[in-house]
Amino acid sequence: MNKLNEKIKLKINNKVIEVEKGITVLEAAKYAQIKIPTLCKHEDLHPTGACGICVVKVEGMKKLVRACTTPAENGMSITTHDAELHEVRKNVIELILSRHPNECLTCLRNGSCELQKFAEEFGIREKFFKPMVLEKPKDLSTRAIVVDSKKCIGCGRCVEVCQNIQQVWALEFINRGFEMRIAPAGDILLADSPCIKCGQCSAHCPVGALIEYEETDKVWGALRNNDLYPVAQIAPAVRVAFGESFDLPPGTITTKKIYALLKSIGFKAVFDTNFGADLTIMEEGTEFYERYNNNPEKLPLITSCCPSWVDYLEKYYPDLIENFSTAKSPHQMVGVLSKTYFAEKNKIDPAKIFMVSIMPCTAKKYEISRTDEMFASGYQDVDVSITTRELVRIANSGGIDFVNLPEEECDEILGKYTGAGTIFGVTGGVMEAAIRTAYYLFTKEKLKEIELNEIRGLKGIKTGVIKLNGKEIKVAVAHGVGNIKEVLDQVREAKIKKQKQPYDFIEVMACYGGCIAGGGQPYQVSNKLRTQRTEGIYKDDRQQPIRYSFENPMIKKLYEEYLEKPLSVKSHKLLHTKYKARPIYYK
């Protein structure tokens with residue numbers, strides 16, 4: 001028998017099961033369809049045993065053991081639930097609650113808090129332990145991620161994802177015992193730390209200790225201001241995750257319902273970031289073509305759609321800035337065009353246009369004002385960026401019956417998109433979309449096999465060779481900052497040693513799985529959810545009548561009427577940006 005697939009037998013609640021050797025008791029119970037409660041364990045993260053709620057009994061052992069860190073062994077007999085275990089777990093939850101503020105009604109996580117859920121399940125109606133809540137002001141410094149240390153339960157999820165998955169090391173545990181909490185090293189402000197605003201800490205936090213910077217009131221304020229012309233756009237990944245909050249299956253494509261939702265609450269025009277993705281491909285694909293043929297010393301070209309990745313590059317890899325695509329992210333392109341091209345064609349004062357981006361990302365909140373180029377229209381090109389979760393709250397407070405909402409179309413001028421535009425939402429999608437257009441630029445023919453399976457999927461680093469007109473283009477796709485570092489170190493080493501670069505074109509996304517698992521998406525992300533959302537994105541691509549960015553008729557019209565051609569002087573002014581080295585720690 002292959003040792004990798006070696007099986008063991010054990011009893012769980014007197015039921016004999018067979019599982020693979022090497023898994024934990026918690027995983028074995030899940031296989032047996034038995035739910036053991038836990039607050040610290042998340043599918044993405046290594047177990048720490050921090051919360052102590054998952055304790056179980058193992059025959060022959062005097063002490064209770066933590067299911068998340070205890071290996072399942074052959075012949076084990078495990079009890080996962082009985083009256084004693086219920087009481088122990090309830091006491092642990094009560095102890096955690098003694099350090100937690102009683103602010104459920106005003107907490108952003110009200111209704112989605114895992115601690116709140118367990119308090120309800122275990123019937124906790126009053127606090128039996130003396131409250132020992134740490135009084136610490138909120139850290140709002142990044143205006144993307146909010147740190148509310150007094151709500152920290154010490155589970156360690158945020159530290160695990162920040163240090164070991166993203167490898168940013170912006171968060172750590174401060175102090176010990178009842179004084180313990182999460183904070184940046186040195187107890188400084190998050191904005192002064194290495195934080196790249198990816199939001200994976202908030203996406204994995206089980207309570208309200210780490211949340212997105214809430215801006216729904218700003219959106220409602222714009223909608224009720226008669227002097228403004230509010231417009232909105234939705235990112236590729238939003239459409240396949242939004243429906244989860246309304247009990248639709250993950251991956252359900254809700255694009256036209258979201259258009260209808262936005263129009264019903266008062267937006268005067270609704271665009272699609274996928275149009276911006278098609279435009280990004282035209283600029284970035286042409287940029288790659290020009291570099292490959294005329295400036296090969298500036299290869300590899302590295303994609304620039306992800307603002308967390310931009311922040312990371314400027315802090316950790318400033319020596320690679322010349323390799324970075326200068327193309328803005330898709331939503332910034334739509335933002336600037338809404339206040340220039342759209343405003344001119346519709347004779348609207350651009351000063352009155354209020355652009356709202358609905359993104360799967362917390363870092364977009366930072367991106368919209370990160371540099372002067374984000375004001376290329378003469379105004380802030382995107383006025384506010386909200387997450388998928390924030391739009392859910394807007395829909396709920398707006399009295400919208402989302403599931404039964406009739407579908408509507410978006411505004412064609414900055415909304416019509418191709419299949420290439422929609423796959424921007426998944427890891428490998430930007431590269432695949434770019435290759436579809438780059439192939440045409442190199443060969444003047446359309447790529448026939450347009451689904452590039454070698455760069456699809458959840459493998460952290462994916463590489464491939466694309467043949468373009470007799471040339472071999474070496475590509476790499478990395479997602480999750482820890483994987484990105486590995487690829488960029490190869491590029492840096494080749495530069496230092498003046499060797500041939502290992503890649504010509506590199507796609508980077510800071511979040512594992514890409515934007516479908518961004519820091520602003522619905523909670524409880526897992527690889528199963530990532531896969532389902534990804535399948536929804538690829539389905540949207542397949543059902544589009546046009547799947548190449550260069551064939552988008554509205555993109556063609558935009559260049560004919562306004563931008564002239566990719567990389568033109570006007571395109572550079574409106575659609576491109578600059579980068580600069582930034583300190584890892586701010587003083």
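As the structure is a prediction and not an experimental result, all values here were calculated from the model. Residues: numbered from 1 along the sequence shown.
Ion pair Glu409/Lys256 flagged as a salt bridge, since at least one NZ, NE, NH1 or NH2 atom sits closer than 4.0 Å to an Asp/Glu carboxylate oxygen. Glu551 and Lys556 are not joined by a salt bridge, as no carboxylate oxygen comes within less than 4.0 angstrom of a charged side-chain nitrogen. Under 4.0 Å is where a charged nitrogen must lie from a carboxylate oxygen, and between Arg370 and Glu314 at least one such pair does. The residues Glu373 and Lys578 are annotated as salt-bridged, a charged nitrogen and a carboxylate oxygen being separated by less than 4.0 angstrom. Salt-bridge formation is not detected for the pair Lys339/Asp381: no Lys NZ or Arg NE/NH1/NH2 atom is positioned less than 4.0 Å from an Asp or Glu carboxylate oxygen.
Relative to the six-membered ring of Tyr417, Arg239 meets both conditions, a distance below 6.0 Å and an angle of at most 45° to the axis. Cation-pi geometry between Arg389 and Tyr523 is met: under 6.0 angstrom from the ring centre, within 45 degrees of the axis.
Residues satisfying the side-chain contact (heavy atoms from CB on, under 4.5 Å) criterion with Glu408, sequence neighbours excluded, are Ala260, Lys263. By the side-chain contact (heavy atoms from CB on, under 4.5 Å) test, Ser571 is found to be paired with Glu283, Tyr559, Leu563, Ser568, Leu575, residues two or more places apart in sequence or in another chain being considered. Residues passing the ring-ring contact (aromatic ring centres under 6.0 Å, His included) test with Tyr366, sequence neighbours excluded: none. Checked against side-chain contact (heavy atoms from CB on, under 4.5 Å), Glu215 has the following partners two or more places apart in sequence or in another chain: Tyr213, Lys218, Lys365, Val384, Ile386, Glu390. A search for salt bridge (Lys or Arg N to Asp or Glu O under 4.0 Å) contacts involving Lys573 returns nothing, not counting sequence neighbours. Annotation: side-chain contact (heavy atoms from CB on, under 4.5 Å) contacts of Glu344 (sequence neighbours excluded): Tyr562. Arg533 pairs by the salt bridge (Lys or Arg N to Asp or Glu O under 4.0 Å) definition with Glu244, not counting sequence neighbours. Remark: Arg143 engages no residue in a salt bridge (Lys or Arg N to Asp or Glu O under 4.0 Å) (not counting sequence neighbours). Judged as a salt bridge (Lys or Arg N to Asp or Glu O under 4.0 Å), and not counting sequence neighbours, the contacts of Lys485 are Asp489.
Under the 3.5 Å distance criterion, the side-chain polar atoms of Gln163 are left unmatched by any main-chain donor or acceptor of Glu160.
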Atom pairs and distances, donor-acceptor, side-chain atoms in residues 297-304, under 3.5 Å, two or more places apart:
{"residue": "Thr303", "atom": "OG1", "partner": "Val508", "partner atom": "N", "Å": "3.0"}
{"residue": "Ser304", "atom": "OG", "partner": "Ser325", "partner atom": "O", "Å": "3.1"}
{"residue": "Ser304", "atom": "OG", "partner": "Ala327", "partner atom": "O", "Å": "2.6"}

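Relative orientation of the Phe288 and Phe505 rings is parallel, given thresholds of 30° and 60° on the angle between their planes.
Between atom NZ of residue Lys328 and atom CG of residue Leu574 there is a gap of 7.0 Å, rounded to the nearest 0.5 Å.
Within the structure, salt bridge (charged side-chain N to carboxylate O under 4.0 Å, His left out) pairs that include any residue of residues 426-437 comprise Glu432-Arg436, Glu432-Arg456, Arg436-Asp541 (at least two apart or interchain). Within the structure, side-chain hydrogen bond (donor to acceptor under 3.5 Å, both in side chains) pairs that include any residue of residues 196-205 comprise Asp44-His204, Lys197-Asp311 (at least two apart or interchain).
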*asked:* Run the side-chain hydrogen bond (donor to acceptor under 3.5 Å, both in side chains) test on Gln166 and Tyr512 for me, step by step, so that the C-alpha distance in whole Å, both residues' side-chain angles and the decisive distance to 0.1 Å come before the verdict.
replied: CA-CA 9 Å; Gln166 297 298 72; Tyr512 181 65; over 6 Å; no
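Contact annotation: the side chain of Trp309 never approaches that of Val481 to less than 4.5 Å [non-hydrogen atoms, C-beta and beyond].
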